[in-house]
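Have a look at the structure below before the remarks.
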Number of protein chains: 2
Amino acid sequence: MSVKERKERERAERERLIVRTARELAEQQGWDAVTTRRLAERIEYSQPVLYSHFRGKREIIGAVALEGATELAVGVRAATSGANSRRERVAALARAYLDFAEHNPAVYDALFQLDGGLSYAQEDTPEPLKDAFAALLETLAEVAGDGVDPGPFTETFWAALHGLATLTRAGRLPPEYAEHRVELLVDRLAMV
Amino acid sequence: MSVKERKERERAERERLIVRTARELAEQQGWDAVTTRRLAERIEYSQPVLYSHFRGKREIIGAVALEGATELAVGVRAATSGANSRRERVAALARAYLDFAEHNPAVYDALFQLDGGLSYAQEDTPEPLKDAFAALLETLAEVAGDGVDPGPFTETFWAALHGLATLTRAGRLPPEYAEHRVELLVDRLAMV
DNA sequence: TCACTTGCCTAGCAACGCTAGGATAGATTC
DNA sequence: GAATCTATCCTAGCGTTGCTAGGCAAGTGA
């Protein structure tokens, strides 16, 4: 049975290779450059191999998104755990979120801009996505304010961060006041 | 010379037809369905005719975006002009913005999600885009708060609205608390 | 009437996502 | 050790995309 196990291991390894390569390619040249042909060439297999691991390009994007969600959650928790006041925690959360979006634009797109075939905000939502939201909720719940439901409050704060992240990166917002905008968000939205 | 004038008129008319048709098709079936072939068929001309008006598909998206920017500005100004208090004006602005995004998803995408080849937040930014931002600024400047630059404040508020609009429509936010989220944004961000 | 310009269409290119079907290499059986 | 069977992977190709070259025909001016 060890032959079968070895093959399964190799197969899993190749799947990780596909996701990693897709991510690298997307970060280097954008998702438009991630074609099935180019991706296949980079992993040194033929195109149809991709389809033995994923239903299609969409599912590959989804796999990158899930990887990103896990990292985002880790990043946010790491940033907030080092802060001592509620105000500092919220600011750290905002900066960690925007940093992630800035330094991993392709992954961020896979998560929140592109169609990766994932379901959001539902029962069958994949665990990494739920957990990323939970990471935000943990810090934001304590600054929602009296009588304000932490869920919708987190959603609103998150939406604001998402707007800043996407509009800034798309060149729709001038970069000079970036820090000022974050301060505004933290000081006004959070009840600290 | 009247022959030449007639031809110019007809040409301008056909250009409007292209933009209008692209917009209709995009609203009906999404931008993915707006292929040059389908678009050409709908306007009852051949594909290359499109390229005698626009450099490519991107520029057609850009044209739809500019049309949308004008309408968005009109909508926001109409909504705010009917409100009597600062609080009401900001709330009306937020609702008008989100209504526009909800009822014209394809146009909204052309404006803020897709690449229409337009430049934003710069000197050479097309007038309709500048004016749409100005429409937001007019109402939001009066609630920025003491010592807060209205520009970055408007940018921040806008980003929050944009986040709500896109995440809601993409199914990333549950629809049930939509109104609650708007209230939060208005009550907290604006100094009313 | 003839030349010329203008405007449009047919046909085709390279690249896309995805798939059918055949070849080959390895495991299993006798 | 030879034969068969299975699983794995590749070649080739389909239909579609954005975009363009080249030719035809209708209308303009001499």
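Every chain is numbered from 1 and lettered A, B, ... according to where its sequence line falls, protein lines coming before strand lines. Atom set for the values below is all heavy atoms of this structure, side chains included, hydrogens, waters and symmetry mates excluded.
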- Item | Residues in side chain to side chain contact (heavy atoms under 4.5 Å, CB included) contact with B:Asp115, at least two apart in sequence or another chain |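 Side chain to side chain contact (heavy atoms under 4.5 Å, CB included) list for B:Asp115, sorted by chain: B:Arg58.
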- Query: What residues form a side chain to side chain contact (heavy atoms under 4.5 Å, CB included) with A:Glu176, not counting sequence neighbours?
  - Reply: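 A:Glu176 satisfies side chain to side chain contact (heavy atoms under 4.5 Å, CB included) with A:Pro174 once adjacent residues are dropped.
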Distance check needed: [N] [atom2] versus [X] [atom1], whole Å only.
| X | N | atom1 | atom2 | answer |
| --- | --- | --- | --- | --- |
| A:His53 | C:dC18 | NE2 | C1' | 16 Å |
| A:Tyr51 | D:dA12 | OH | P | 19 Å |
| A:Asp115 | C:dG17 | CG | C1' | 14 Å |
| B:Glu41 | D:dG18 | CD | P | 14 Å |
| A:Leu50 | D:dC10 | CG | C1' | 13 Å |
| B:Trp31 | D:dG18 | CH2 | P | 11 Å |

- Set of residues satisfying salt bridge (Lys or Arg N to Asp or Glu O under 4.0 Å) with respect to A:Glu59, sequence neighbours excluded: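 Partners of A:Glu59 by the salt bridge (Lys or Arg N to Asp or Glu O under 4.0 Å) criterion, ordered by chain and then number, come out as A:Arg55.
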- Just by protein heavy atoms under 4.0 Å, how would nucleotides 4-16 of chain C read 5' to 3' in B, S and -? ----SBB-B---B
- Message: Per the ring pair (Phe, Tyr, Trp, His ring centres under 6.0 Å) rule, what does the pair list look like for residues 33-74 of chain A, sequence neighbours excluded?
- Response: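 Not a single pair qualifies under ring pair (Phe, Tyr, Trp, His ring centres under 6.0 Å).
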- Query: Tell me, which pairs form a ring pair (Phe, Tyr, Trp, His ring centres under 6.0 Å) where one or both residues lie in residues 159-179 of chain A, sequence neighbours left out?
  - Reply: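 The answer is A:Tyr108-A:His162, A:Phe112-A:His162.
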- Item | Cationic N near anionic O, under 4.0 Å, B:Glu13 to B:Arg20 |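 Yes, charged N to carboxylate O under 4.0 Å.
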